[in-house]
Amino acid sequence: MSKIPFGPTYSEMLHPETIPAEVRERALGVKETDELDPLNLFNITWKDERGEVRKVVLPKELTGTEANIVVLLGKYFPSGSHKVGPAYATLIEGCIDGAILPGEHTILGPSTGNFGIGVAYICALMGYEAIVIMPDTMSKERYDRILKYGARLDLTPGTESDVILTLRRTHELKQNPKNRPLAQFELLPNYRWHRRVTGNSAIEAVRGIGNGRIACFTSAPGSAGTIAAGDQIKLAFPEARIVALEPYECSTLATGGRGQHRIEGIGDKMCTLIHNILTTDFVALIYDDDCVRGLKVIQDGPSVLAELGVPYKQASAWRDLFGVSGICNILGAIKMAHYLRLGTDDNVVTIATDGFDRYPSVIGDLERRCLGTEDFVLRRWAKDIFLKTNTENIYDFRSRTSKEQLFCQKEKDWLPFGYSKEYLDGMRRAEFWEQEYARVEEYDEKIKRMR
Ligand SMILES: Cc1ncc(COP(=O)(O)O)c(C=O)c1O
């Protein structure tokens with residue numbers, strides 16, 4: 001039996017304590033000292049050295065709601081965001097299926113940045129050449145990282161919302177049989193990874209908080225991988241509401257809107273192929289500049305937050321933990337807590353995909369656009385953006401007719417890429433998603449046997 005590059009199973013990423021002790025220890029050893037040591041593949045997990053999910057719980061002095069807003073932290077993953085997980089899952093499944101061979105194939109990573117960073121990173125660890133295809137207007141920090149990991153960049157014109165151009169470009173490059181795409185918007189390892197690893201980590205994260213259940217999960221879809229965690233959350237807590245967030249300026253799912261916006265990584269002007277529409281209960285819209293300003297408040301305003309009653313030490317510890325989309329997810333979580341009238345016992349879980357390290361240039365741009373960002377401005381922003389979050393712009397997608405709108409959007413987006421109506425119709429049934437999820441066990445078996 002041929003060998004595949006050495007890496008963890010889905011189960012081991014959820015339960016790193018089950019990784020053979022010597023490997024886990026060595027992996028933790030290289031985490032801080034040698035980013036490019038392949039053993040770092042075993043650090044792809046939401047958990048810290050003690051096996052605890054990395055998270056923060058935001059207090060009502062910031063959020064204005066009694067409900068517990070629990071934020072899982074993606075920044076501590078190797079390469080700086082959880083997107084490395086889906087990138088690894090897609091690559092390892094391709095290796096197992098025999099579709100991706102080391103030394104023979106070049107990996108294509110269509111992305112708005114973080115998935116591309118993840119692809120460049122795991123390709124460096126697993127010995128593949130990589131080309132990252134992304135819009136040419138993302139934050140500078142993203143391109144720097146991709147180049148640092150040795151991948152090539154193939155830039156398409158436009159902004160975040162023009163990610164469809166990256167898909168078209170990937171389609172072109174794919175015609176060369178040497179190139180193999182890790183198509184995050186289309187391939188189900190992304191769904192499997194988030195449902196198995198993120199979903200179950202979210203369920204563990206709320207143990208001992210409030211009533212220990214999840215009342216609501218919010219996630220702004222880019223590829224709609226992260227929101228797959230909601231499928232697992234709903235299994236454990238059937239009352240949980242799963243909420244997709246979109247930029248107000250680009251509300252494709254809610255209203256068919258297709259405008260430009262400032263929240264990198266989300267709002268890609270489509271319903272992605274791997275989005276399980278059946279389990280999305282609501283779509284809520286968040287203003288893009290609220291997210292950028294909110295990030296500035298968290299990053300530079302601990303003393304302002306302390307005036308509002310947040311312990312200074314706690315507010316200082318939040319610095320560097322969030323990016324713009326993380327603030328979007330938090331604002332969506334607060335919005336839904338108000339809308340669902342949640343109280344002290346209730347938990348809303350959300351995700352900070354990455355940390356501040358890739359956004360200094362975005363904050364630099366905000367500072368150029370605003371007349372001032374002194375403390376009195378941050379004080380006003382903290383109140384207006386976090387504490388006065390309202391329940392406007394929430395769309396209920398629980399009925400069959402409203403889901404039909406999303407199914408139609410998906411057809412519009414994916415029939416042109418050669419997917420059949422029959423395949424897309426299959427996704428209207430819950431069994432499609434259950435069968436795809438069940439394949440986690442099959443891949444885990446094969447990873448163990450072949451590594
Ligand atoms: C910063 C950021 N936030 C959110 C997302 C959306 O996550 P997902 O693609 O899992 O929907 C991405 C995806 O690349 C991202 O880079």
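Note that the structure is predicted; figures quoted are calculated from it, not measured. Whatever order the structure lists them in is the order used to number ligands and atoms, beginning at 1. This chain uses plain numbering: 1 for the first residue, then up along the sequence.
- Residue Glu264 has at least one heavy-atom neighbour below 4.0 Å for each of these atoms of ligand 1: 1 (C), 2 (C).
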Begin from the C-alpha positions of Gln299 and Tyr359 and carry the test side-chain hydrogen bond (donor to acceptor under 3.5 Å, both in side chains) through to its verdict. CA-CA 11 Å; Gln299 194 61 23; Tyr359 300 99; over 6 Å; no
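- Cation-pi check for Arg428 over Phe407 is met; the charged atom lies under 6.0 angstrom from the ring centroid and within 45 degrees of its normal.
- Contacts of Lys83 with ligand 1, taken as heavy-atom pairs under 4.0 Å, involve the side chain alone.
- Taking the six-membered ring for Trp and thresholds of 30 and 60 degrees, Trp433 and Tyr191 have ring planes inclined between 30 and 60 degrees apart.
- Pairs engaging residues 238-255 under the side chain to side chain donor-acceptor pair (under 3.5 Å) rule: Arg213-Glu239, Ser251-Thr255 [sequence neighbours left out].
- Of all atoms in ligand 1, numbered sequentially from 1 with element shown, those under 4.0 Å from a heavy atom of Ser223 are 8 (P), 9 (O), 10 (O), 11 (O).
- A 6.0 Å sphere centred on NZ of Lys60 holds no more than 12 heavy atoms belonging to other residues, nucleotides or ligands.
- Where the criterion is an N or O separation shorter than 3.5 Å, residue side chain and backbone included, Asn190 fails it with respect to ligand 1.
- When each atom of ligand 1 is checked for a heavy atom of Tyr359 under 4.0 Å away, the hits are 1 (C).
- Below 3.5 Å of separation, one finds an N or O of Ser325 facing an N or O of ligand 1.
- Summarising the contacts of atom 13 (C) of ligand 1 with Gly222, Gly74, Gly265, the nearest heavy atom is found in Gly265.
- For ligand 1, the atoms sitting less than 4.0 Å from at least one non-hydrogen atom of Pro221 are 11 (O), numbered in the order shown with element in parentheses.
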